[in-house]
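Since the model is a prediction, treat every value here as computed from it, not as a measurement.
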Amino acid sequence: MNNLALAQLPESSIDILLIEDNDGDAFLIQEMLEKVSFDGFSVSHAPTMEMAEPEYRKHPFNVLLLDLSLPGFSGMEAVEKIRGDLPAMPIIIMTGLDDQQRAIDAMQRGVQDYIVKGQYANNILPRAIRYAIERKRFENKVIELVHFDQITGLINREVFLDRLEGAISLANQNNVPLAVLLLSLRRFKEVTATLGHDTGNQLLKAVAVRLKECVMRQDAIARLEGDEFILLITGQFAAAERLVVFSQHIIDALERPFTIDGHSVNIGCSIGVATYPSCGKDEIELAKHADIALHRAKQNSKSEFQFYTQVLNEELTMRMTLEKELQSAIENHELLAYYQPVIDLKTDRICGVETLIRWQHPQKGLVPPNSFIPLAEKSDLILAISEYITQAACSDFASWKHLTTAPFDVGINLSARDFQKKDFMAWLEKILSATGMNPKEMALEVTEGTLMEDPKQAIETLKSCRELGSSIFVDDFGTGYSSLSYLSVLPLDILKIDRSFVSDITTSGHNLLIATATINLAHALGLKVVAEGIETKEQKDLLTILGCDKAQGYYFAKPMPLDVLKIWLTERGERDEQRIGNIAGRR
């Protein structure tokens, strides 16, 4: 797992390096240990530290016997050098009768034991050697548990922050660049959910190996909780222009498939980057700002890296404040259901409504959905909002359905998070039962992105909704990345042309072409089309000529609360009856 494994007790021969300048003492120790043949001791001798260093660097000794009074090297200097070079190595020091206080000082600095020269009777030295190895093994195990991640063998957060603090000090002194990269794996939860936690742990180990292949020896990698890793980059790769290439290199490395327990596993990663000193003056600030950048990078549906900026910090602060206020809004019933009528372009009569949501903020007034829905979709808040809006729409419909005579759909927008709920159908049926809503009068609206996040799951869920009798709308069609092959197998009823294609349809040949192609495609698949964002009579007339079935927008009516909708429906119904009567009279 790491170099602490050097301290394990050997199963056969115990290799000892004796660092002793007195040849007589060295001969006595070697002869005495060789006589204890059942212990399998093998002794190498170095008279000085200069001669000992190349020996312990090239040979994996199990324990070092160190004379505390070497020439040219103080005893404590020798101890510190060995502990710096080989932190996992057990050390026993040898002292004279008058050096016991120095021996105790050395033990306080990490030495495992000491013996007095010449006092080797009753197997004192062999026992001390075995004891030193065992004691160091347990010390290393404690260090491993405290300082290292048990799955990947990487250092943990605390050790990383200590390393980062030291690196910042050196970077400040030497005026060299330094950067922190916070990395989060993509689709890791899907791996553990489908293949199990053991496979997930194996994947984390494999990721750690690839990350270590990407960094220089002087850099550091730590695993944080879950699927997050943090990297310290120094030197040439920490320069801003090199970080772009380096970050993409990491993304490319982690996007190559992993083979875990016979499974080919595809993941990716998002990376937040913070540089010293522009993004932070200390280790805490750098890690915090790398986290802010990571949040932005994770908003992209693909692997991406993002550098920290002050703008990101301000956005995150606003987002956290808004999220807290939104949670209170749900609890305090500040959310309101608004309804925008949908018009049948062939009959010019209302044929449904789209249920929209507004937030009646106590200080800010009416907050539009594009200010808080994207935020809610990144948390469980969207589930509470969906439940509220569905409950409200189904309950409200009972109070005004008598004001309509033609077939009518109540459109309700659902998010990808709703579709991922295992109990989605039970949840929906419970609301329908509680409100007495006929599912045939409900239209569920989903975006292309929602469908494409998990097409197989979407197909199964939509089929269940269709079996209840509800119709299915694809909202904002043309703005996403859906595959035409899925349109032929998804259980859909209506495509909604996004307002971005409608706004300039009378002046933009490009938008006209897209609208025409969408209408023709939908009709070829047996689907109807709703155009959103109609604001002028010219737009309405052109879409009618193109064969669009339905439309909504400010030209017909703005979204309105329940009480205003009732008045609007009453007045609209009276006008429709009068218009139909006039037509019948002329005939």
Side-chain angles (χ1 to χ4, degrees), residues 337-347 349-357 369 373 385-401 403-416 418-419 424-425 427-433 435-451 458-459 461-477 480 482 487 490-499 518-519 522-523 525-534 548-553 556-557 559-560 562 565 569:
Y338 270 52
Y339 302 95
Q340 184 171 37
V342 179
I343 305 300
D344 187 319
L345 291 178
K346 293 182 177 62
T347 65
R349 302 188 68 179
I350 183 169
C351 59
V353 294
E354 179 181 2
T355 308
L356 303 169
I357 193 165
I373 290 297
I385 290 174
S386 294
E387 182 172 356
Y388 165 80
I389 202 69
T390 305
Q391 182 85 34
C394 292
S395 300
D396 288 351
F397 184 51
S399 70
W400 53 263
K401 63 182 297 184
L403 298 175
T404 66
T405 56
F408 203 92
D409 287 322
V410 177
I412 299 172
N413 291 285
L414 295 176
S415 72
D418 294 311
F419 270 70
F424 174 79
M425 290 309 300
W427 168 83
L428 184 60
E429 290 174 4
K430 181 180 178 181
I431 291 178
L432 291 171
S433 175
T435 59
M437 176 78 168
N438 184 344
K440 294 181 179 180
E441 296 171 318
M442 173 184 285
L444 300 178
E445 300 195 14
V446 294
T447 63
E448 286 185 79
T450 296
L451 295 176
I459 290 171
T461 303
L462 292 179
K463 282 182 178 178
S464 298
C465 294
R466 285 285 296 276
E467 289 173 2
L468 281 179
S470 299
S471 54
I472 310 299
F473 288 33
V474 175
D475 201 4
D476 301 338
F477 184 76
S482 63
L487 283 180
L490 285 165
L492 306 177
D493 297 285
I494 288 182
L495 299 184
K496 299 186 77 171
I497 303 176
D498 185 67
R499 66 183 65 249
T518 301
I519 292 169
H523 288 166
L525 294 171
L527 308 177
K528 292 186 180 298
V529 180
V530 175
E532 295 183 297
I534 304 292
C548 186
D549 303 285
K550 305 177 182 182
Q552 64 187 95
F556 305 105
M560 58 192 83
L562 177 61
L565 175 66
L569 286 172

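Across F473 and A443, no two heavy atoms sit closer than the pair CE1-CB, 3.5 Å. Residues D498 and E532 come closest through the heavy atom pair CA-OE1, 3.9 Å. Contact record, A551 with F556: CB-CE1, 3.8 Å, taken as the closest heavy-atom pair. Heavy atoms only, all atoms of each residue included: A393 and T355 are closest at CB-OG1, 3.6 Å.
Around atom NZ of K346, more than 12 heavy atoms belonging to other residues, nucleotides or ligands sit under 6.0 Å away.
The side-chain heavy atoms of V342 and D409, taken from C-beta on, include no pair separated by under 4.5 Å. Side-chain atoms of M442 and L468, non-hydrogen and from C-beta on, never get closer than 4.5 Å to each other. No side-chain heavy atom of E354 sits under 4.5 Å from any side-chain heavy atom of V530. In this structure the side chain of P341 never reaches within 4.5 angstrom of the side chain of Y339, judged on heavy atoms. Residues V410 and E441 form no side-chain contact, since every pair of their non-hydrogen atoms from C-beta on lies 4.5 Å or further apart.
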Take I389 and N413 through the side-chain contact (heavy atoms from CB on, under 4.5 Å) test and state the conclusion after the steps. CA-CA 9 Å; I389 202 69; N413 291 285; over 6 Å; no
Test side-chain hydrogen bond (donor to acceptor under 3.5 Å, both in side chains) on D418 and S415; report intermediate values, then the result. CA-CA 5 Å; D418 294 311; S415 72; 3.1 Å; yes
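Ring planes of F408 and F397: parallel class, angle under 30° (limits at 30 and 60°).
One finds the CE atom of M437 at 8.0 Å from the OG atom of S470 (value rounded to the nearest 0.5 Å). Separating the OG atom in S464 from the CZ atom in R466 is a distance of 11.5 Å, to the nearest 0.5 Å. Summarising the geometry, atom CD1 belonging to I412 is positioned 10.0 Å from atom CD belonging to Q391; distances are rounded to the nearest 0.5 Å. Atom OG1 of T390 is separated from atom CG of L444 by 8.0 Å, given to the nearest 0.5 angstrom. Between C548 atom SG and I497 atom CD1 the span is 5.0 Å, to the nearest 0.5 Å. Considering CG of D549 and CG of L345, their distance stands at 7.5 Å, rounded to 0.5 Å.
Side-chain N or O atoms of S433 include none that pairs as donor or acceptor with a backbone N or O of K430 at under 3.5 Å. The backbone N or O of A557 lies less than 3.5 Å from a partner atom in the side chain of Q340, making a donor-acceptor pair. For the pair D493 (side chain) and I472 (backbone), a donor-acceptor distance under 3.5 Å is present.
Test V446, L525, L462 against L492 for side-chain contact (heavy atoms from CB on, under 4.5 Å) and you get one pass: L462.
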